[in-house]
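This report concerns only the one structure given below.
Every chain is numbered from 1, with letters handed out A, B, ... down the list of sequences.
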Amino acid sequence: MDTSPSNIRGLDFARLTLQDALDLAVLIEEEARERYEEFTHQMEQHRTADAARFFRFMQGNEEKHREALASRRKELFGDAPSRVTPAMLFDVEAPEYDEARAFMTVREALMSALRAEEKAAAFFAAALEHVADPDVRALFSELHEEEIEHQRLVRVHLDKAPPDPDVHPSEFADEPVEID
Amino acid sequence: MNEAVSVTEHAGAAAPLSAKDYKSDYKPIWCPGCGDYSVLGSITKAFALVQVRPENIAVVSGIGCSSRIPAYTACYGFHGVHGRSLAAATGLKVARPDLTVLVAGGDGDGYSIGGNHFLHACRRNVDLTYIVMDNQIYGLTKGQLSPTSPRGLHTVTSEFGSLENPINPLLLLLAYGAGFVAQGTPVDMPGLAQIIEAAIRFPGFSFVNVQSPCVTYGHEEQQAKAQKGKLKTLASLGHDPSDRLAAMALAQSYGTELHTGIFYQDPNPPPTYTSLVADRQQALADGLPRERVLELFAKR
């Protein structure tokens with residue numbers, strides 16, 4: 001029986017082993033890193049430099065988390081083949097595609113990252129309801145706490161971010177230019 | 001030949017492929033927030049779920065924002081002329097029945113300019129998967145009425161509101177006898193990938209209408225936020241996808257409600273056009289030697 005949260009397919013969380021859980025956690029970070037990379041590219045392409053810079057920063061953070069989890073996995077289980085594949089997960093920590101907008105402000109970019117971190121914390125909280133293995137429970141509890149800490153860090157950045165302008169930058173986009 | 005088998009025949013003997021293996025190095029240039037990003041992500045996920053190797057897949061398209069998809073996959077691609085993607089894909093599938101053929105495009109390309117091909121590919125039951133990113137507007141050309149634009153919509157070509165009723169692609173194909181009719185949305189990416197996977201595995205013409213929002217020119221009701229508020233999966237309604245009449249009843253809500261999932265999947269799919277062509281070729285080869293066929297032609 002599939003007891004996984006709705007954004008995971010084909011994994012029975014009640015039977016999840018520590019190896020599976022670490023593989024899943026690595027892939028969650030990998031998916032988020034890839035999405036931030038895509039967003040960075042989208043922003044660069046649409047001349048939204050400040051948001052691009054922030055998404056690149058998030059891309060780096062997700063990569064650091066991925067590396068840390070991957071080395072833990074390697075240490076415990078070596079090169080044992082993974083039973084978890086990227087096709088099994090959908091937008092666990094990755095911001096959803098519709099979060100991106102051309103000419104989005106840094107504040108809007110930060111808010112999209114905050115929603116992604118909240119979503120990830122909710123995922124681990126929901127997963128914990130199904131997990132039986134004590135080691136997996138410990139790992140997911142730790143990751144849940146980390147996601148809450150990430151939310152706090154994003155909020156710190158939000159406090160420092162400049163307020164949005166009265167007129168949104170997108171209002172200036174594609175304005176017809178008068179040619180003499 | 002049963003094409004459902006042909007999908008699994010290609011299943012990788014080497015390491016399993018991931019969605020990334022089906023993406024090309026070209027980065028999409030759609031507007032940020034466009035629904036097509038999720039559709040591309042769902043298509044590549046579905047490929048990874050089916051595990052057909054990229055070199056055994058052909059992605060065919062016409063013209064429009066969504067028709068850029070072949071370039072963004074690592075599969076063989078054919079970016080053809082406006083509205084003719086299904087005609088090109090039919091030829092391709094008949095010539096190379098071993099390939100998994102996926103056709104992608106928009107509502108203007110598929111339902112208006114290519115509207116005739118849409119019906120004929122369906123009635124021929126060509127074994128291919130047709131994914132239409134239905135944003136109810138011509139986005140690439142900056143916001144004109146499309147065949148699925150709702151009545152009353154104000155656009156650059158309907159300043160005072162559209163006087164036309166939209167077509168209902170789901171009902172149209174169900175009436176035409178399609179063996180697989182589904183609808184998805186990028187706001188439910190797992191659901192969409194699952195639908196596309198089922199469509200690819202279906203032996204025959206399979207059609208997936210995707211309510212893919214245009215964030216630049218699309219109307220409010222079509223945006224992700226509005227879709228999240230009204231989305232209902234067919235599974236949650238207890239719909240039986242083997243019941244064509246029930247599917248037709250539900251499909252009538254197109255344009256007013258948002259139902260996602262498989263509306264209809266023929267439990268006993270008839271032979272595909274490709275398999276009938278192969279049978280005919282075999283029968284002719286068995287019954288008439290090549291010289292005799294040429295002789296018959298010469299007599300005419």
Side-chain angles (χ1 to χ4, degrees), chain A residues 2 4-11 23 26-27 30-31 33-49 51-52 55 79 81-92 94-105 108-109 112 115 119 123 169-170 173-174 176, chain B residues 12 15-23 25-51 72 142-143 185-194 196-197 211-218 222-228 233 235-236:
Chain A
D2 189 349
S4 58
S6 62
N7 42 2
I8 296 289
R9 264 190 56 162
L11 271 185
D23 285 333
V26 169
L27 288 173
E30 169 87 23
E31 185 189 42
R33 185 196 62 75
E34 281 176 14
R35 187 64 48 81
Y36 282 120
E37 188 179 356
E38 282 184 68
F39 277 15
T40 305
H41 187 267
Q42 289 178 28
M43 294 303 116
E44 283 170 349
Q45 199 159 48
H46 289 83
R47 297 172 180 80
T48 311
F55 286 137
D79 294 323
S82 172
R83 289 180 289 265
V84 187
T85 70
M88 292 175 172
L89 61 148
F90 295 87
D91 292 1
V92 177
E96 285 166 36
Y97 277 111
D98 67 291
E99 290 279 358
R101 282 290 181 280
F103 312 111
M104 69 197 297
T105 63
E108 286 168 333
S112 72
R115 283 189 286 270
K119 193 170 58 159
F123 167 80
S170 62
D174 288 331
Chain B
L17 298 164
S18 71
K20 214 194 293 184
D21 296 313
Y22 295 93
K23 286 184 180 169
D25 293 334
Y26 290 105
K27 302 289 180 205
I29 57 163
W30 295 311
C31 304
C34 175
D36 294 355
Y37 285 102
S38 294
V39 182
L40 175 63
S42 300
I43 289 172
T44 52
K45 282 255 181 184
F47 283 154
L49 290 165
V50 178
Q51 285 290 301
Y72 303 143
K142 299 200 169 188
T185 162
V187 305
D188 175 18
M189 211 173 150
L192 181 57
Q194 210 163 353
I196 297 173
E197 179 196 359
Q211 294 285 343
S212 182
C214 171
V215 290
T216 307
Y217 299 104
Q222 228 262 335
Q223 300 304 313
K225 195 177 168 191
Q227 288 195 23
K228 283 173 187 169
T233 65
S236 72

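Ranked by non-hydrogen atom pairs under 4.5 Å with chain A, the options B/S18, B/A46, B/S38 are led by B/S38. The residue among B/P190, B/S42, B/C34, B/A224 with the most heavy atom pairs within less than 4.5 Å of chain A is B/P190.
When heavy atoms are compared at a cutoff of 4.5 Å, B/Q227 does not approach chain A at all. With a 4.5 angstrom heavy-atom cutoff, A/M104 does not touch chain B via any of its atoms.
No donor-acceptor pair closer than 3.5 Å links the side chain of B/K45 to the backbone N or O of A/M88.
Pairing each heavy atom of A/Q45 with each of B/P28, the nearest pair is OE1-O, 3.2 Å. Between A/H46 and B/W30, the shortest heavy-atom distance links the atoms CE1-O, 3.4 Å. In this structure, B/G33 and A/R101 approach most closely via the heavy-atom pair CA-NH1, 3.4 Å.
Remark: A/Y97 OH to B/S212 OG distance equals 12.0 Å, nearest 0.5 Å. Of the inter-residue distances, the one linking A/D98 atom CG with B/K225 atom NZ reads 11.0 Å to the nearest 0.5 angstrom. A distance of 10.0 Å separates CE of B/M189 from CG of A/L89, quoted to the nearest 0.5 Å.
Counting heavy atoms from C-beta outward, B/K20 and A/E34 have side chains that approach closer than 4.5 Å. Proximity of B/K27 to A/E44: side-chain heavy atoms (C-beta onward) are nowhere separated by under 4.5 Å.
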